[in-house]
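Below: one structure, written as structure tokens.
What you see is a predicted model; the values in this text were computed from it and never measured.
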Amino acid sequence: MDDLINNCYQILELPPGASMGEVKEAYRRLKQESSADEEEWERLKEISWAYENLIKYLSQHEKVTPQKEEVIPRKKDAAPYESEEFSLKGLLFSVDEKVNPFFFGGRVFVFLIVLIWGIKFIFHSVESNYAGESFMHNISLPFHEAGHLIFGILGDFMGVLGGTLLQIIIPLVCLGAFLRRADTFSASIALWWVGQNFIDAAPYINDARKQELML
């Protein structure tokens, strides 16, 4: 037994030669004793490192296949795709290990705003042009106009379609970027922006047959 393995046993507060079951029990106990403070993170990584090495060592010497019942903790700002086992649930519903109450209150406030604002967008008719007169229209308008220019190189049809197309693509890009960072709250706001852009484009779609808008 080399010094590395002995050091791993010491980290888990076990005597050299402890069994697989004792290693798992010590790992579980030390995880439970660790708090969620930032200072404890380095200690938790050290414990996880020692546990991994001992499981590999014991599985080779005891001819036991290591079980996957233990999940090595992932740092709160690590993206879901950086974990060993990727899952759609982890991508869409990842939760911070520790949330600042000030940030949480701010998110609740923003959520209420987009909820109430979204309901107004939904229940106003297309003819009222509520979406076209909103603040969000001014945010999306530059992307819309840029889409005409960018996709215009592909022909007249894509040039006309490109305005609404880029208007939808931009919030989708934001959605993907936030999910990549495991920031599900910001991703939900970007998804709301996607839906709002569809409502913003509704007057153009509605006018496709009437041809009454001054365009």
Taking a hydrophobic cluster as the set of Ile, Leu, Val, Met, Phe, Trp and Tyr residues connected by side-chain heavy atoms closer than 4.5 Å, whether directly or through intermediates, do [X] and [Y] fall within one such cluster?
X	Y	result
I189	I170	yes
L165	F157	yes
I153	V160	no
L112	F103	no

Decide yes or no for [X] and [Y]: does some side-chain heavy atom of the first lie under 4.5 Å from some side-chain heavy atom of the second?
X	Y	result
L30	Y51	no
I55	Y57	no
L166	F151	yes
Y27	S48	yes
W192	L115	no
Y204	D207	no
F135	W117	yes

Please name the pair of heavy atoms, one in [X] and one in [Y], separated by the smallest distance, quoted to 0.1 Å.
X	Y	result
A18	V23	O-CG2, 4.3 Å
L12	I47	CD2-CG2, 3.7 Å
P203	V126	CA-CG1, 3.7 Å
A190	F178	CB-CD1, 4.2 Å
F185	R107	CZ-O, 3.4 Å
L179	A187	CD2-CB, 3.7 Å

* Asked: Excluding sequence neighbours, so at least two apart, what forms ring pair (Phe, Tyr, Trp, His ring centres under 6.0 Å) with W193?
  -> none
[atom1] of [X] to [atom2] of [Y]: how many Å apart, nearest 0.5 Å?
X	Y	atom1	atom2	result
I205	T164	CD1	OG1	6.5 Å
T184	L191	OG1	CG	12.0 Å
F111	I116	CZ	CD1	10.0 Å
L54	K24	CG	NZ	12.5 Å

Is a side-chain donor or acceptor of [X] paired with a backbone partner of [Y] at a separation under 3.5 angstrom?
X	Y	result
S186	D183	no
S128	H124	no
E145	P142	no

* Pair F143-L141, side chain to side chain contact (heavy atoms under 4.5 Å, CB included): steps then yes or no -> CA-CA 5 Å; F143 301 121; L141 184 60; over 6 Å; no
* Donor on one side chain, acceptor on other, N197 and S140, under 3.5 Å ->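 There is such a pair (donor and acceptor under 3.5 Å, judged by atom type) between the side chains of N197 and S140.
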* Audit row: I199, Y130, side chain to side chain contact (heavy atoms under 4.5 Å, CB included) steps and yes/no -> CA-CA 10 Å; I199 295 177; Y130 179 79; over 6 Å; no
* Listed partners of H144 passing side-chain hydrogen bond (donor to acceptor under 3.5 Å, both in side chains), at least two apart ->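 Scan of H144 (side-chain hydrogen bond (donor to acceptor under 3.5 Å, both in side chains), adjacent residues dropped) gives H148, Q167.
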* To do: Could you name each residue pair satisfying salt bridge (charged side-chain N to carboxylate O under 4.0 Å, His left out) that touches residues 118-129, not counting sequence neighbours?
  => none
* Asked: Hey, is CG on N138 packed in by over 12 heavy atoms from elsewhere, all under 6.0 Å?
  ->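 Counting neighbours around CG of N138, more than 12 heavy atoms of other residues, nucleotides or ligands fall under 6.0 Å, so yes.
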